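First the structure, in the form of structure tokens, and then the observations on it.
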2 protein chains.
Amino acid sequence: MSCVTNDEVPTQVATDSAPRPRARRRGRPSVPLLSQKRITRAAVELIGARGYPALTMAALARELRVAPSALYNHVASKRDLLRWLQDHVNRGIDASAFDTEPWDVALERWARSYRDAYVRHAPLVPVIAVTPIAGSPHTVAMYEGVVAGLCAGGWPEAEAVDVVVALESFVLGSAMDATAPADIFDVPDDAAAPALARAGLLRAGRDNADAAFEAGLAALVTGFRARHPGGAGG
Amino acid sequence: MSCVTNDEVPTQVATDSAPRPRARRRGRPSVPLLSQKRITRAAVELIGARGYPALTMAALARELRVAPSALYNHVASKRDLLRWLQDHVNRGIDASAFDTEPWDVALERWARSYRDAYVRHAPLVPVIAVTPIAGSPHTVAMYEGVVAGLCAGGWPEAEAVDVVVALESFVLGSAMDATAPADIFDVPDDAAAPALARAGLLRAGRDNADAAFEAGLAALVTGFRARHPGGAGG
DNA sequence: ACCTGAACACCGTTCAAGT
DNA sequence: ACCTGAACACCGTTCAAGT
């Protein structure tokens with residue numbers, strides 16, 4: 001009550017009824033307002049709330065209550081921001097089965113977890129495909145776990161990477177496919193595409209993206225099992 | 001020579017030495033300058049010459065010697081233009097093997113042709129995944145041929161579409177992967193990722209994208225053969 | 001080093017005015 | 001119907017000026 005600390009005029013109090021959205025002195029703040037962690041976190045929240053089209057540098061800066069140009073003291077470009085996001089998303093992928101399960105079981109679990117993560121982040125997929133992993137610690141850790149697990153399961157190192165890249169291509173393609181509208185294969189006139197039209201009727205109401213992913217995943221693992229050096233396959 | 005038609009002052013002739021880059025009366029031309037065909041053709045040429053980043057509505061209009069706003073009399077949006085491009089690229093994919101070869105051989109050939117086409121058009125991949133095929137005649141024809149071929153080869157219609165979608169996901173993911181830099185898996189410090197580092201050394205100099213694609217394609221086809229209802233597989 | 005504020009060079013798209 | 005020209009509402013990014 002009678003204390004003399006500086007809480008009688010907190011920054012939220014307006015001097016009168018006029019709205020004063022923010023006030024900060026012009027120069028460098030004594031403690032930095034931004035960091036990679038804070039920027040990434042705000043970007044994830046923004047995407048979660050309003051989707052990828054809403055992720056603009058201006059909107060992100062607004063979320064962080066900062067001028068847009070302030071972001072460029074921490075990240076070189078929007079492209080680099082997307083790389084941070086990629087690493088954040090990869091952190092959520094579960095590759096732990098490679099520690100406990102046979103390589104083929106682990107591969108299936110990893111693929112499902114990987115696809116699940118990117119179905120919600122499909123706009124990152126084109127970024128992933130072209131981005132060297134070196135600067136992304138969680139991404140490196142994930143691949144190391146997967147490749148080490150495959151090698152422990154009997155795969156030669158060079159071939160293990162082929163398996164990983166092939167599976168990743170399928171997973172990322174499937175993640176993009178999962179964002180498609182359900183009626184993507186609908187055809188207007190049945191005469192021009194009778195097989196497609198019949199198939200469309202048979203498939204109506206199914207979750208086609210999931211079914212195709214599971215079919216492809218099973219085929220891929222079956223095929224790799226057949227190729228595995230010490231395997232029971234052909 | 002002595003004819004009285006309107007060719008004595010063609011549009012290319014400048015009245016004096018001053019450069020006059022273009023001259024056209026303001027109103028509607030007697031014969032339309034643009035069409036879907038001409039716009040698509042110019043876009044393909046522009047992409048071929050200067051790449052996808054150069055494909056802007058302004059640059060495309062310039063190529064066609066037209067004001068940017070003129071394009072919008074023919075195409076509703078840049079997105080729709082990309083759909084036209086998708087259909088054009090799909091026209092170049094060879095699915096003819098389904099007419100003459102067993103389904104598994106045809107599937108492999110189609111997949112290679114499909115990937116080849118989109119390696120040069122990777123920026124279209126995210127568009128494809130989300131675009132209904134109905135408005136794209138060549139795309140519909142391609143899928144119809146593939147699904148009909150699979151059905152003729154003994155696949156039930158609904159399952160045939162799963163096979164197609166799974167293979168397509170793999171192909172499009174692989175096309176994006178093929179645009180990645182060769183050193184995408186390089187890791188700076190070997191201690192943190194020893195398996196990855198060893199694999200990187202073994203793979204240096206190889207065409208890794210091609211190897212991974214062929215490995216995945218072979219596995220996928222092997223797996224589908226094993227699942228085929230009338231097949232010799234398990 | 002790290003912020004603000006004011007620019008810059010684009011981008012896709014719209015629309016009135018012309019024929 | 002189909003073009004031009006002039007706008008509009010963005011976008012990512014740069015940079016001098018401040019502390």
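So you know, we letter chains A, B, ... as the sequences are listed, proteins then strands, and number each from 1. If you're wondering where the values come from, they're calculated on a predicted model, not measured in any experiment.
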**Prompt:** Taking DNA chain C as the partner, which of residues 76-85 of chain B come within under 4.0 angstrom of it by heavy atom?
**Reply:**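 By residue number: S77(B), K78(B).
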
**Item:** D177(A): salt bridge (charged side-chain N to carboxylate O under 4.0 Å, His left out) partners, not counting sequence neighbours
**Value:**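 Residues passing salt bridge (charged side-chain N to carboxylate O under 4.0 Å, His left out) with D177(A): none at all.
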
**Request:** Sequence neighbours left out, what passes salt bridge (charged side-chain N to carboxylate O under 4.0 Å, His left out) with D80(A)? Give chain and number order.
**Result:**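 Checked D80(A) against salt bridge (charged side-chain N to carboxylate O under 4.0 Å, His left out); matches are R83(A).
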
Proximal nucleotide (of [options]) relative to the [X] side chain:
X	options	value
V66(A)	dG12(C), dC2(C), dT4(C)	dT4(C)
N73(B)	dC2(D), dG12(C), dC2(C)	dC2(D)
Y72(A)	dG12(C), dT13(D), dA6(D)	dT13(D)
R28(B)	dC3(C), dG12(D), dC2(D)	dC2(D)
A67(B)	dT13(C), dT13(D), dG5(D)	dG5(D)

**Item:** Within residues 29-51 of chain B: residues closer than 4.0 Å to DNA chain D (heavy atoms)
**Value:**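 The answer is P29(B), P32(B), L33(B), L34(B).
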
**Message:** Quick check: closest heavy atoms across A212(B) and D162(A), and the distance to 0.1 Å?
**Reply:**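 In this case the closest contact between A212(B) and D162(A) is N-OD1, 3.6 Å.
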
**Message:** Checking H121(B) now: which residues fulfil ring pair (Phe, Tyr, Trp, His ring centres under 6.0 Å) with it, not counting sequence neighbours?
**Reply:**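 Once residues adjacent in sequence are excluded, the partners of H121(B) under the ring pair (Phe, Tyr, Trp, His ring centres under 6.0 Å) criterion are Y52(B).
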
**Prompt:** Counting only side-chain N and O atoms of H74(B), is one of them less than 4.0 Å from OP1 or OP2 of dC3(D)?
**Reply:**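 Checking H74(B) against dC3(D): at least one side-chain N or O falls below 4.0 Å of OP1 or OP2.
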
In whole Å, what is the span from the [atom1] atom of [X] to the [atom2] atom of [N]?
X	N	atom1	atom2	answer
R62(A)	dC10(D)	CZ	C1'	15 Å
M57(B)	dA9(D)	CE	P	20 Å
L64(B)	dC3(D)	CG	C1'	13 Å
L55(A)	dG12(D)	CG	C1'	12 Å
L71(A)	dC2(C)	CG	C1'	12 Å

**Item:** Ring-face cation of R203(A) near F185(A) (centre distance under 6.0 Å, axis angle within 45°)
**Value:**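 Negative - R203(A) is either too far from the ring of F185(A) or too far off its axis.
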
**Prompt:** Roughly how far, to the nearest 0.5 Å, is OG of S35(B) from CG of N73(B)?
**Reply:**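 So the CG of N73(B) and the OG of S35(B) are separated by 12.5 Å.
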
**Of A70(A) and A59(A), the one whose closest DNA chain D nucleotide lies more 5'** =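 Between the two, 5'-proximity favours A59(A).
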
**Which nucleotides of DNA chain D pair, in dot-bracket form (Watson-Crick or G-U under 3.5 Å, | meaning another strand)** = ||.|||||...|||||.||

**Prompt:** Do other residues, nucleotides or ligands put more than 12 heavy atoms under 6.0 Å from R206(B) CZ?
**Reply:**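 Yes, because the 6.0 Å sphere around CZ of R206(B) holds more than 12 heavy atoms from other groups.
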
**Message:** Other residues, nucleotides and ligands only: do more than 12 of their heavy atoms fall within 6.0 Å of CZ on R91(A)?
**Reply:**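 Result for CZ/R91(A): open.
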
**Prompt:** Are H138(B) and N90(B) linked by a side-chain donor-acceptor pair shorter than 3.5 Å?
**Reply:**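 No - no donor-acceptor pair under 3.5 Å links their side chains.
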
**Request:** Run through I133(A), V127(A), I128(A) and flag the one making a side-chain contact (heavy atoms from CB on, under 4.5 Å) with T131(A).
**Result:**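 The passing option is V127(A).
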
**Sole candidate of L60(B), L124(B), L55(B) that passes side-chain contact (heavy atoms from CB on, under 4.5 Å) when paired with I47(B)** =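 It is L55(B); the other options fail the test.
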
**Message:** Check this for me, if you would: do D94(A) and R112(A) make a salt bridge, where the nitrogen-to-carboxylate-oxygen distance has to be below 4.0 angstrom?
**Reply:**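 R112(A) and D94(A): not salt-bridged.
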
